[in-house]
K.L.:
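Got a structure for you, written out below as C-alpha coordinates; questions coming shortly.
Keep in mind it's a predicted model, so treat the numbers as computed, not measured. Numbered from 1 within each chain, the chains take letters A, B, ... in sequence-line order. FYI, side chains are in, hydrogens and waters are out, and symmetry mates aren't considered; it's all heavy atoms of this structure.
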Number of protein chains: 2
Amino acid sequence: MPTTCLRLTPQRNIILEELRGTRSHPTADEVYDMVRRRLPHISLGTIYRNLDYLHAQGLIRKLDKIGSQMRFDASMDPHLHICCMECGKVGDLPEDAASVSVRQEAMLDAEKTFQITGHWLEFHGVCSDCRTKGKIG
Amino acid sequence: MPTTCLRLTPQRNIILEELRGTRSHPTADEVYDMVRRRLPHISLGTIYRNLDYLHAQGLIRKLDKIGSQMRFDASMDPHLHICCMECGKVGDLPEDAASVSVRQEAMLDAEKTFQITGHWLEFHGVCSDCRTKGKIG
DNA sequence: TTAAGAACAGGAACTATTCCTATTTTCTGT
DNA sequence: ACAGAAAATAGGAATAGTTCCTGTTCTTAA
(Lines give C-alpha, C1' and ligand atoms only; values in the text may rest on other atoms or scores of the structure.)
Protein backbone atom coordinates (compact mmCIF):
# COMPACT_ATOMS: atom_id res chain seq x y z
CA MET A 1 0.00 0.00 0.00
CA PRO A 2 1.68 3.18 -1.14
CA THR A 3 1.52 5.95 1.43
CA THR A 4 0.94 8.51 -1.32
CA CYS A 5 -1.16 7.80 -4.36
CA LEU A 6 -1.69 10.08 -7.33
CA ARG A 7 -4.62 12.35 -6.66
CA LEU A 8 -5.81 14.08 -9.79
CA THR A 9 -8.28 16.73 -8.71
CA PRO A 10 -10.24 18.55 -11.41
CA GLN A 11 -7.86 21.49 -11.11
CA ARG A 12 -4.80 19.26 -11.49
CA ASN A 13 -6.32 17.44 -14.40
CA ILE A 14 -7.12 20.61 -16.29
CA ILE A 15 -3.69 22.08 -15.60
CA LEU A 16 -2.16 18.88 -16.98
CA GLU A 17 -4.44 18.90 -20.02
CA GLU A 18 -3.65 22.50 -20.83
CA LEU A 19 0.06 21.92 -20.41
CA ARG A 20 -0.09 18.87 -22.67
CA GLY A 21 -1.93 20.91 -25.27
CA THR A 22 0.92 23.32 -25.90
CA ARG A 23 4.56 23.21 -26.88
CA SER A 24 5.26 26.73 -25.69
CA HIS A 25 6.82 25.91 -22.29
CA PRO A 26 4.50 28.37 -20.52
CA THR A 27 5.25 30.27 -17.33
CA ALA A 28 3.03 29.87 -14.27
CA ASP A 29 0.96 32.93 -15.09
CA GLU A 30 0.55 31.77 -18.68
CA VAL A 31 -0.76 28.44 -17.34
CA TYR A 32 -2.98 30.51 -15.05
CA ASP A 33 -4.46 32.34 -18.05
CA MET A 34 -4.96 29.11 -19.97
CA VAL A 35 -6.65 27.31 -17.08
CA ARG A 36 -8.78 30.28 -16.06
CA ARG A 37 -10.73 30.02 -19.30
CA ARG A 38 -12.06 26.69 -18.04
CA LEU A 39 -11.94 27.33 -14.26
CA PRO A 40 -12.55 31.05 -13.83
CA HIS A 41 -12.22 30.91 -10.03
CA ILE A 42 -8.92 29.05 -9.80
CA SER A 43 -6.24 30.90 -7.88
CA LEU A 44 -2.64 31.46 -8.84
CA GLY A 45 -1.56 29.74 -5.65
CA THR A 46 -3.34 26.59 -6.80
CA ILE A 47 -1.52 26.80 -10.13
CA TYR A 48 1.86 26.99 -8.42
CA ARG A 49 1.04 24.31 -5.85
CA ASN A 50 -0.22 21.89 -8.46
CA LEU A 51 2.55 22.52 -10.95
CA ASP A 52 4.90 21.63 -8.10
CA TYR A 53 2.80 18.59 -7.29
CA LEU A 54 2.74 17.37 -10.91
CA HIS A 55 6.48 17.90 -11.12
CA ALA A 56 7.06 15.99 -7.87
CA GLN A 57 4.96 13.15 -9.28
CA GLY A 58 7.13 13.09 -12.38
CA LEU A 59 4.32 14.07 -14.73
CA ILE A 60 5.76 17.36 -15.96
CA ARG A 61 9.08 19.14 -16.18
CA LYS A 62 9.96 22.31 -14.34
CA LEU A 63 12.43 24.55 -16.14
CA ASP A 64 13.66 26.83 -13.40
CA LYS A 65 16.89 27.88 -15.09
CA ILE A 66 15.38 29.55 -18.12
CA GLY A 67 14.89 33.27 -17.83
CA SER A 68 13.55 35.01 -14.77
CA GLN A 69 10.41 32.90 -14.48
CA MET A 70 9.83 29.19 -14.08
CA ARG A 71 8.53 27.45 -17.14
CA PHE A 72 6.74 24.13 -17.41
CA ASP A 73 6.79 21.38 -19.99
CA ALA A 74 4.54 18.34 -20.21
CA SER A 75 6.69 16.45 -22.72
CA MET A 76 8.73 14.05 -20.66
CA ASP A 77 10.81 12.43 -23.41
CA PRO A 78 14.50 13.33 -23.21
CA HIS A 79 15.23 16.54 -25.05
CA LEU A 80 17.08 19.81 -24.60
CA HIS A 81 15.86 23.37 -24.56
CA ILE A 82 16.92 26.46 -26.42
CA CYS A 83 15.99 29.91 -25.24
CA CYS A 84 15.79 33.11 -27.29
CA MET A 85 17.96 35.78 -25.69
CA GLU A 86 15.78 38.54 -27.13
CA CYS A 87 12.23 37.55 -26.24
CA GLY A 88 12.67 34.54 -23.93
CA LYS A 89 10.81 32.12 -26.18
CA VAL A 90 11.76 28.52 -25.48
CA GLY A 91 12.08 25.77 -28.10
CA ASP A 92 12.99 22.10 -28.13
CA LEU A 93 16.13 20.45 -29.42
CA PRO A 94 16.67 16.72 -29.94
CA GLU A 95 18.37 14.84 -27.13
CA ASP A 96 21.59 14.43 -29.09
CA ALA A 97 21.91 18.08 -30.06
CA ALA A 98 24.85 18.47 -27.70
CA SER A 99 26.94 15.96 -29.59
CA VAL A 100 29.14 17.79 -32.05
CA SER A 101 29.26 14.81 -34.37
CA VAL A 102 25.54 14.84 -35.04
CA ARG A 103 25.08 18.54 -34.65
CA GLN A 104 25.28 19.49 -38.31
CA GLU A 105 22.34 17.29 -39.24
CA ALA A 106 20.27 17.11 -36.11
CA MET A 107 20.27 20.81 -35.43
CA LEU A 108 19.57 21.93 -38.95
CA ASP A 109 15.88 21.97 -38.28
CA ALA A 110 16.11 23.81 -34.98
CA GLU A 111 18.52 26.30 -36.46
CA LYS A 112 15.92 27.33 -38.99
CA THR A 113 14.08 28.69 -35.99
CA PHE A 114 16.84 29.42 -33.51
CA GLN A 115 20.28 30.73 -34.34
CA ILE A 116 22.41 29.17 -31.64
CA THR A 117 24.81 31.57 -29.98
CA GLY A 118 25.86 29.78 -26.81
CA HIS A 119 24.94 27.36 -24.09
CA TRP A 120 24.92 26.82 -20.35
CA LEU A 121 26.18 23.65 -18.74
CA GLU A 122 26.08 23.13 -15.02
CA PHE A 123 26.50 20.05 -12.86
CA HIS A 124 24.44 19.18 -9.82
CA GLY A 125 25.50 17.11 -6.86
CA VAL A 126 25.86 16.94 -3.12
CA CYS A 127 28.88 18.44 -1.43
CA SER A 128 30.90 16.54 1.15
CA ASP A 129 29.57 18.68 4.01
CA CYS A 130 25.98 17.78 3.21
CA ARG A 131 26.83 14.11 2.68
CA THR A 132 28.52 14.01 6.08
CA LYS A 133 25.57 15.71 7.73
CA GLY A 134 23.24 13.22 6.07
CA LYS A 135 25.15 10.25 7.51
CA ILE A 136 25.31 11.71 11.00
CA GLY A 137 21.92 13.37 11.32
CA MET B 1 38.99 57.47 -28.86
CA PRO B 2 36.75 54.80 -27.40
CA THR B 3 33.30 56.00 -26.49
CA THR B 4 33.37 53.93 -23.31
CA CYS B 5 36.51 53.36 -21.29
CA LEU B 6 36.85 51.31 -18.15
CA ARG B 7 36.08 53.43 -15.14
CA LEU B 8 37.19 51.81 -11.94
CA THR B 9 35.72 53.82 -9.10
CA PRO B 10 36.85 52.99 -5.55
CA GLN B 11 33.63 51.05 -5.03
CA ARG B 12 34.13 49.05 -8.21
CA ASN B 13 37.74 48.37 -7.39
CA ILE B 14 36.97 47.05 -3.92
CA ILE B 15 34.11 44.92 -5.21
CA LEU B 16 36.51 43.43 -7.75
CA GLU B 17 39.21 42.87 -5.16
CA GLU B 18 36.84 41.15 -2.77
CA LEU B 19 35.47 38.97 -5.53
CA ARG B 20 38.97 38.00 -6.64
CA GLY B 21 39.82 37.10 -3.06
CA THR B 22 37.31 34.28 -2.81
CA ARG B 23 36.41 31.11 -4.62
CA SER B 24 32.98 30.87 -3.06
CA HIS B 25 30.93 32.32 -5.95
CA PRO B 26 29.15 34.73 -3.61
CA THR B 27 25.64 36.13 -4.05
CA ALA B 28 25.09 39.89 -4.30
CA ASP B 29 24.28 40.24 -0.61
CA GLU B 30 27.35 38.19 0.31
CA VAL B 31 29.44 40.58 -1.78
CA TYR B 32 27.60 43.39 0.01
CA ASP B 33 28.67 42.01 3.39
CA MET B 34 32.26 41.55 2.22
CA VAL B 35 32.54 45.04 0.78
CA ARG B 36 30.77 46.74 3.67
CA ARG B 37 33.64 45.86 5.99
CA ARG B 38 35.77 48.23 3.92
CA LEU B 39 33.10 50.69 2.73
CA PRO B 40 30.49 50.79 5.50
CA HIS B 41 28.24 53.23 3.62
CA ILE B 42 28.04 51.42 0.31
CA SER B 43 24.51 50.61 -0.80
CA LEU B 44 23.17 47.33 -2.11
CA GLY B 45 22.09 49.12 -5.27
CA THR B 46 25.69 50.06 -5.93
CA ILE B 47 26.72 46.44 -5.46
CA TYR B 48 24.19 45.27 -8.04
CA ARG B 49 24.92 48.08 -10.47
CA ASN B 50 28.65 47.53 -10.34
CA LEU B 51 28.49 43.76 -10.49
CA ASP B 52 26.48 44.29 -13.67
CA TYR B 53 29.03 46.81 -14.90
CA LEU B 54 31.98 44.52 -14.21
CA HIS B 55 30.17 41.71 -15.95
CA ALA B 56 29.39 43.90 -18.97
CA GLN B 57 33.07 44.84 -19.11
CA GLY B 58 34.01 41.18 -19.15
CA LEU B 59 35.85 41.32 -15.84
CA ILE B 60 33.66 38.91 -13.89
CA ARG B 61 31.16 36.15 -14.53
CA LYS B 62 27.52 36.31 -13.59
CA LEU B 63 25.97 32.96 -12.74
CA ASP B 64 22.26 33.64 -13.01
CA LYS B 65 21.15 30.05 -13.46
CA ILE B 66 22.38 28.69 -10.14
CA GLY B 67 19.82 28.60 -7.38
CA SER B 68 17.39 31.38 -6.65
CA GLN B 69 19.99 34.13 -6.43
CA MET B 70 22.60 35.40 -8.83
CA ARG B 71 26.14 34.46 -8.02
CA PHE B 72 29.37 36.08 -9.17
CA ASP B 73 32.77 34.70 -10.05
CA ALA B 74 35.96 36.62 -10.76
CA SER B 75 37.84 33.69 -12.30
CA MET B 76 37.47 34.13 -16.03
CA ASP B 77 39.31 31.05 -17.26
CA PRO B 78 37.01 28.51 -18.89
CA HIS B 79 35.54 26.15 -16.32
CA LEU B 80 32.24 24.63 -15.30
CA HIS B 81 30.26 24.88 -12.12
CA ILE B 82 28.76 22.32 -9.82
CA CYS B 83 26.07 23.21 -7.35
CA CYS B 84 25.12 21.34 -4.16
CA MET B 85 21.43 20.49 -4.23
CA GLU B 86 21.28 20.50 -0.43
CA CYS B 87 22.93 23.75 0.60
CA GLY B 88 23.47 25.61 -2.68
CA LYS B 89 27.24 25.72 -2.37
CA VAL B 90 28.93 26.19 -5.75
CA GLY B 91 32.24 24.62 -6.78
CA ASP B 92 34.42 24.61 -9.88
CA LEU B 93 35.02 21.83 -12.35
CA PRO B 94 37.67 21.73 -15.07
CA GLU B 95 36.62 22.85 -18.51
CA ASP B 96 36.71 19.32 -19.90
CA ALA B 97 34.63 17.77 -17.15
CA ALA B 98 31.75 17.31 -19.55
CA SER B 99 33.69 14.99 -21.79
CA VAL B 100 32.94 11.44 -20.80
CA SER B 101 36.31 10.24 -22.03
CA VAL B 102 38.26 12.35 -19.54
CA ARG B 103 35.62 12.28 -16.86
CA GLN B 104 37.02 9.37 -14.86
CA GLU B 105 40.31 11.13 -14.27
CA ALA B 106 39.48 14.80 -14.42
CA MET B 107 36.51 14.60 -12.13
CA LEU B 108 38.08 12.42 -9.50
CA ASP B 109 39.24 15.43 -7.61
CA ALA B 110 35.95 17.28 -7.77
CA GLU B 111 34.07 14.16 -6.84
CA LYS B 112 35.94 14.01 -3.58
CA THR B 113 34.02 17.17 -2.76
CA PHE B 114 30.88 16.87 -4.85
CA GLN B 115 29.02 13.70 -5.60
CA ILE B 116 27.62 14.39 -9.04
CA THR B 117 23.98 13.49 -9.44
CA GLY B 118 22.92 15.29 -12.60
CA HIS B 119 23.41 18.26 -14.85
CA TRP B 120 21.61 20.99 -16.72
CA LEU B 121 22.33 21.80 -20.34
CA GLU B 122 20.54 24.56 -22.17
CA PHE B 123 21.22 26.31 -25.45
CA HIS B 124 20.91 30.01 -26.11
CA GLY B 125 20.14 31.69 -29.38
CA VAL B 126 17.91 34.10 -31.23
CA CYS B 127 14.60 32.95 -32.63
CA SER B 128 13.53 33.70 -36.18
CA ASP B 129 10.94 36.25 -35.04
CA CYS B 130 13.56 38.32 -33.26
CA ARG B 131 16.04 38.02 -36.11
CA THR B 132 13.39 39.26 -38.53
CA LYS B 133 12.51 42.17 -36.28
CA GLY B 134 16.20 43.05 -36.00
CA LYS B 135 16.56 43.24 -39.79
CA ILE B 136 13.44 45.34 -40.26
CA GLY B 137 13.54 47.64 -37.24
C1' DT C 1 -22.72 9.39 8.13
C1' DT C 2 -19.06 11.29 10.13
C1' DA C 3 -14.40 12.41 11.28
C1' DA C 4 -9.79 13.37 9.37
C1' DG C 5 -7.05 14.85 6.04
C1' DA C 6 -6.13 17.08 1.68
C1' DA C 7 -6.98 20.72 -1.53
C1' DC C 8 -8.93 25.02 -2.53
C1' DA C 9 -9.65 30.42 -3.19
C1' DG C 10 -8.30 34.65 -1.94
C1' DG C 11 -5.15 37.55 -0.55
C1' DA C 12 -1.17 38.90 2.38
C1' DA C 13 3.74 38.38 2.90
C1' DC C 14 8.29 37.63 1.33
C1' DT C 15 12.51 38.69 -1.11
C1' DA C 16 15.80 39.29 -4.80
C1' DT C 17 16.30 42.74 -7.89
C1' DT C 18 15.46 47.08 -10.19
C1' DC C 19 14.26 51.81 -10.25
C1' DC C 20 14.09 56.66 -8.60
C1' DT C 21 15.99 61.05 -6.83
C1' DA C 22 18.90 64.23 -4.82
C1' DT C 23 23.73 64.59 -3.99
C1' DT C 24 28.54 63.80 -4.77
C1' DT C 25 32.32 62.53 -7.57
C1' DT C 26 34.85 62.29 -11.82
C1' DC C 27 36.05 63.66 -16.31
C1' DT C 28 36.85 66.97 -20.25
C1' DG C 29 38.13 71.00 -22.58
C1' DT C 30 39.80 75.51 -22.07
C1' DA D 1 43.21 75.07 -12.19
C1' DC D 2 38.35 75.70 -13.18
C1' DA D 3 33.61 75.37 -14.85
C1' DG D 4 30.24 72.64 -16.93
C1' DA D 5 28.78 68.07 -18.19
C1' DA D 6 28.35 63.39 -17.40
C1' DA D 7 28.57 59.48 -14.49
C1' DA D 8 28.26 57.26 -10.06
C1' DT D 9 26.55 56.96 -5.43
C1' DA D 10 23.51 56.33 -1.09
C1' DG D 11 19.30 55.58 0.49
C1' DG D 12 15.12 54.03 0.03
C1' DA D 13 10.81 53.04 -2.62
C1' DA D 14 8.83 50.06 -6.01
C1' DT D 15 8.37 45.78 -8.65
C1' DA D 16 7.24 41.08 -9.46
C1' DG D 17 7.59 36.12 -9.13
C1' DT D 18 6.75 33.01 -5.72
C1' DT D 19 5.44 31.29 -1.26
C1' DC D 20 2.70 31.31 2.77
C1' DC D 21 -1.47 31.82 5.62
C1' DT D 22 -6.44 31.27 6.85
C1' DG D 23 -10.90 29.88 6.67
C1' DT D 24 -13.75 26.96 3.72
C1' DT D 25 -14.84 23.08 0.71
C1' DC D 26 -14.05 18.63 -1.05
C1' DT D 27 -12.55 13.77 -0.77
C1' DT D 28 -11.53 9.55 1.47
C1' DA D 29 -12.10 5.82 4.60
C1' DA D 30 -14.16 3.67 8.42
K.L.:
Closest nucleotide of DNA chain C for B/Asp52 versus for B/Pro10: which of these residues is on the 5' side?
P.N.:
B/Asp52

K.L.:
So, OP1 or OP2 of D/dA10: does either fall under 4.0 Å of a side-chain N or O from B/Thr46?
P.N.:
yes

K.L.:
Just the rounded figure in Å: distance from P of D/dT18 to CE of A/Met70.
P.N.:
5 Å

K.L.:
Distance check needed: C/dA9 P versus A/Ile14 CD1, whole Å only.
P.N.:
11 Å

K.L.:
Applying the side-chain contact (heavy atoms from CB on, under 4.5 Å) test to A/Asp92, which of A/Leu80, A/Ile82, A/Asp73 qualifies?
P.N.:
A/Asp73

K.L.:
Contact class for B/Asn50 vs. all strands (heavy atom < 4.0 Å): base, sugar-phosphate, or nothing?
P.N.:
sugar-phosphate

K.L.:
In whole Å, what is the span from the CD atom of A/Gln11 to the P atom of C/dC8?
P.N.:
5 Å

K.L.:
Residues two or more places apart in sequence or in another chain: which of them pass ring-ring contact (aromatic ring centres under 6.0 Å, His included) with B/His79?
P.N.:
B/His81

K.L.:
Just the rounded figure in Å: distance from P of D/dT18 to CD1 of A/Ile47.
P.N.:
13 Å

K.L.:
Should the heavy atoms of other residues, nucleotides or ligands under 6.0 Å from CZ of B/Arg38 be counted, would the total exceed 12?
P.N.:
yes

K.L.:
Starting the side chain at C-beta, find the nucleotide from D/dT18, D/dA10, C/dA9 nearest to A/Tyr48.
P.N.:
D/dT18

K.L.:
Please determine, for the side chain of A/Gln69, which listed nucleotide (D/dG17, D/dA10, C/dA9) has the closest atom?
P.N.:
D/dG17

K.L.:
B/Arg7 side chain: which of D/dA7, D/dT19, D/dT9 is closest?
P.N.:
D/dA7

K.L.:
Counting only side-chain heavy atoms from C-beta out, which of C/dC8, C/dG10, D/dT19 sits nearest to A/His41?
P.N.:
C/dG10

K.L.:
How many Å lie between CZ on B/Arg71 and P on C/dA16, as a whole number?
P.N.:
12 Å

K.L.:
Can you measure B/Tyr53 atom OH to C/dT26 atom C1' for me and round it to whole angstrom units?
P.N.:
12 Å

K.L.:
Roughly how many Å is it from OH in B/Tyr32 to P in C/dA16, rounded to a whole number?
P.N.:
13 Å

K.L.:
Which nucleotide sits closest to the side chain of B/Arg49: C/dA9, C/dT18, D/dA8?
P.N.:
D/dA8

K.L.:
Compare side-chain N and O positions of A/Thr9 against OP1 and OP2 of C/dC8 and report whether any pair is under 4.0 Å apart.
P.N.:
yes

K.L.:
Cationic tip of A/Arg49 within the cone over A/Tyr53's six-membered ring, i.e. under 6.0 Å and within 45° of the normal?
P.N.:
no

K.L.:
Of the nucleotides D/dT18, C/dT18, D/dA8, which one has an atom closest to the side chain of B/Arg12?
P.N.:
D/dA8

K.L.:
Which is true for A/Leu44 with a 4.0 Å heavy-atom rule: it touches a base, it touches only sugar-phosphate, or it touches nothing?
P.N.:
base

K.L.:
Could you measure the distance from the CG atom of B/Asn50 to the CD1 atom of B/Ile42? Nearest 0.5 Å is fine.
P.N.:
7.0 Å

K.L.:
Please report, rounded to the nearest Å, how far the P atom of C/dC8 is from the CD1 atom of A/Ile42.
P.N.:
7 Å

